[in-house]
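To start, the structure itself, in structure tokens.
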Number of protein chains: 4
Amino acid sequence: MPREVRERQMLDAAVAGFARHGYQAASMDDIAEEAGVSKPLVYLYLKSKEDLFTACIRRERAALVEAVRGGTGADRADGDGPRAGGVPGSGGSGAEQQLWRGLCAFFAHTAARPEGWSVLHRAHTQGEPFAREVAGLRAEITELVTLLLGRAAVDAGCDEEFAEREVSGLAHAMVGAAESLAVWANSRTDAVPSPKETAATLMNFCWTGLGQMIKGARWSPHR
Amino acid sequence: MPREVRERQMLDAAVAGFARHGYQAASMDDIAEEAGVSKPLVYLYLKSKEDLFTACIRRERAALVEAVRGGTGADRADGDGPRAGGVPGSGGSGAEQQLWRGLCAFFAHTAARPEGWSVLHRAHTQGEPFAREVAGLRAEITELVTLLLGRAAVDAGCDEEFAEREVSGLAHAMVGAAESLAVWANSRTDAVPSPKETAATLMNFCWTGLGQMIKGARWSPHR
Amino acid sequence: MPREVRERQMLDAAVAGFARHGYQAASMDDIAEEAGVSKPLVYLYLKSKEDLFTACIRRERAALVEAVRGGTGADRADGDGPRAGGVPGSGGSGAEQQLWRGLCAFFAHTAARPEGWSVLHRAHTQGEPFAREVAGLRAEITELVTLLLGRAAVDAGCDEEFAEREVSGLAHAMVGAAESLAVWANSRTDAVPSPKETAATLMNFCWTGLGQMIKGARWSPHR
Amino acid sequence: MPREVRERQMLDAAVAGFARHGYQAASMDDIAEEAGVSKPLVYLYLKSKEDLFTACIRRERAALVEAVRGGTGADRADGDGPRAGGVPGSGGSGAEQQLWRGLCAFFAHTAARPEGWSVLHRAHTQGEPFAREVAGLRAEITELVTLLLGRAAVDAGCDEEFAEREVSGLAHAMVGAAESLAVWANSRTDAVPSPKETAATLMNFCWTGLGQMIKGARWSPHR
DNA sequence: TATGAATGAGAGTTCATTCAT
DNA sequence: TATGAATGAACTCTCATTCAT
């Protein structure tokens, strides 16, 4: 059996095992058995448990990023043609649509591959080498979100400074909210919401606030 | 040395160890050594590794909840007398202020006790008994947030149905965003923001959006 | 080295260790070392200390029962054809001969495998799961003896009632006497008696008494 | 509280604990708790677990020996008055009566103090220092039985050689049979036999055989 | 006399990992 | 390419035993 096929079997088994039991509790014995191969073969192909887990993270990370990027249309020639423009809240900005589609893609992906998502979501807890890897993923996503938010702000005519000073925190908030909603949506037993519904919840939650900020309004405790 | 003191030393050491290495990777040997105590004593007082970790979670959970509850003023006689009222966005609602102060307290607490926060934040990954414990914490906080959001909505004169149908999802988003921001704030090496700044970021992010929702506006992809 | 061979080595080492130190005091380290093997291998093959000890008991029990059964000729087609008959004391009963040969086999076996015998003899002290196992052995042997004694009684023409009422106690006495003699014979440093001598001692001790009982005579304190 | 009283409490608790769980499995913690004292006090009075167990054995051994000796009337001025005389089987020998009464006393004692008996019965399994102690008890009892059997033989007019050559083995058989019957009687849940019944079972079993031997008859396999 | 507090030493068990084939 | 056989190292947990008071 060709190496690539075997290797994918192993990664599948590993993702399943790590998702179910976590990094430490999943044993190489179980993973090898689930993959239908002997343990030495796993070591021959994937070096060590650490490397195996890293490979899982990388694969799932790539899949998630590809899904979200695809959703935003970032890979399509995007600046072409007239953009609908407009501020958040006024409807139809290109960046706004991209964000919306990215969120939809994100929730669709995490719902479609719960085990992969579980691996990613749990990996930052598992010690240094993996935390770094997931931090990379988070940075990648956050950067994308930051870009979109920033572009929306610029579209709306607000100064560059805003993008640099405040958008990053907002992006972090958004990513955290999305993460939380993904877990929540995946774990519901009753009426599990569709990806679009979940994405709409998040857009409802924050988009207007963002629009206000771009206009220069700030929330403050004593008004 | 009296039992209570020793026990607190052990819990301190355990929180530090679990925060640094995670549940599985932290060894009882190391924890005992860090506590300046022999291993058998740890077992004598805290029964088992599982019980020790549970005790850590419970302690930190209680501290966090107390801090946040105290921040919201939930323990003060608060509903009495006429409330200032007001919609989100119009300033000065009782619920809005409570939420604001709760967030400040939350970010202040997580910044003041990074290890305790780390334990709580990582515990849901560490297998069933612990996941349940932090799920309880999350539920407790989410319920509080749901209550505040719902009350704000009612204050603003919107129908009860809103509270029941949508507020829960929003609360989850908010809790997730707060969690993410807490980690992010704690992990920054440059210019770490004050708790109030972080809380303001989150309020800016979502409060206006919430106000719009209460008024009946909904975000939709094709406008 | 093939699994079966290794497994037998381990059982041999375990029987030796348990015989020398008892269940609790024998350490898995020592057993593994004596078997010329690492500890994990012992666990891989035999699961746990408890299972290992149980396996020892079962093996030695089977060997002992087989030896004794073989000695009685119970496996040969023995009841067929006219039996020589005869009461205890009158010589030559089939049951009497079987008992004699069974005793010889028993003492020969316990002398030939002192460690195995020691394990069996000491196991009833070592807690529930093992006590049950040797209780089974004891019951098996006692039942065999009861059968032979009962048959001898019936051969001698005594009523069935005798067999049911009193033979069981006698069988217990006989088994206990045999057990005691086996230990005693094994532990002698001077002139250790041959199995046949030991068996003859026991037959001398009780056979005539049994014959008298069958005839209806009873010992009583005040005659 | 005076030392003697405390010490007896501890021994009582220890006997109970050792009887229930065996030497190794009984913990000093449990014993101290059952005795209603702190652990250091146990160590102050009884030095170590080994010494504690030895003390238990010695106390129970002394009690058992005293009971049996008392039963045989060995401590009474025994040669006085006319003895009934007679061979085993012919009724009424002094030695025979002594043996009978000794057996009754033995079974009565083991039934009355099951925990003490359990300690003694299990101690020979627990490693060297204790095995020696119980071997001493066994030797003491066996010697007594040997003496009685030998005296009976001499009473019956058989030569001295018999006593020296064969009586010892018979005594071992008898002691083993008695031991086995004691355990069996103690462990029965249905109709537990009285000490006298158990003793009668044993006398029935062996006394006539012994009588025959004294007369010079020997059992042999081929008659 | 009596104890609360503490520990050294060692047990059973598991797991990632590697030979030899 | 693939594996049955084997292990070093580490972990959780327990227990007899002793200070300091």
Expressed in angstrom and rounded to an integer, what is the separation of [X] atom [atom1] from [N] atom [atom2]?
X	N	atom1	atom2	answer
D:E33	F:dC15	CD	C1'	15 Å
B:L41	F:dC15	CG	P	16 Å
C:D30	E:dA11	CG	C1'	11 Å
C:Y45	F:dT7	OH	C1'	12 Å
B:F53	F:dT12	CZ	C1'	16 Å
B:L46	F:dT12	CG	P	14 Å

Contacts of [X] that satisfy side-chain contact (heavy atoms from CB on, under 4.5 Å) - sequence neighbours left out:
X	answer
D:E4	none
D:Q9	D:M1, D:V5, D:R6
C:H121	C:W117, C:E179, C:V183, D:H124
C:A25	C:H21, D:Q24

(Q) Please tell me if C:R6 has a side-chain N or O lying less than 4.0 Å from either OP1 or OP2 of F:dA6. (A)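 Result: yes.
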Q: Evaluate whether atom CZ of B:R8 has more than 12 neighbouring non-hydrogen atoms of other residues, nucleotides or ligands under 6.0 angstrom away.
A: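 No, because the 6.0 Å sphere around CZ of B:R8 holds 12 heavy atoms or fewer from other groups.
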Q. What is the nucleic acid contact for A:R3, judged by heavy atoms within less than 4.0 Å: base, sugar-phosphate only, or nothing?
A.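 No contact at all - A:R3 keeps every heavy atom at 4.0 Å or more from the nucleic acid.
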Q. What pairs of residues pass the side chain to side chain donor-acceptor pair (under 3.5 Å) test when at least one of them lies in residues 36-50 of chain C, not counting sequence neighbours?
A.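 For residues 36-50 of chain C, and leaving out neighbouring residues, the side chain to side chain donor-acceptor pair (under 3.5 Å) pairs sorted by first residue read C:D29-C:K39.
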Q. Quick one: side chain to side chain donor-acceptor pair (under 3.5 Å) pairs with a partner in residues 52-64 of chain B, sequence neighbours left out?
A.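 Output for this query lists B:D12-B:R59, B:R58-B:E133, B:E60-B:R113, B:R61-B:E133, B:R61-B:E140.
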Q) Which pairs with one or both residues in residues 22-42 of chain D pass ring pair (Phe, Tyr, Trp, His ring centres under 6.0 Å), sequence neighbours excluded? A)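 For residues 22-42 of chain D: D:F18-D:Y23, D:Y23-D:F53, D:Y23-D:F130.
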(Q) Within the 4.0 Å limit for protein heavy atoms, which parts of nucleotides 14-21 of chain E are touched? Write it as a string from 5' to 3', B for base, S for sugar-phosphate only, - for none. (A) BBSBBB--
Q | Bracket string, DNA chain E, 5' to 3' - pairs by Watson-Crick or G-U geometry under 3.5 Å, | interstrand | A | .||||||||||||||||||||
Q | Nearest heavy-atom neighbours spanning A:V119 and A:V15 | A |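 Closest approach of A:V119 to A:V15: CG2-O, 3.6 Å.
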Q.
Pick the closest DNA chain E nucleotide for B:L44 and for D:M1 by heavy atoms, then say which residue is nearer the 5' end.
A.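 Result of the comparison: D:M1.
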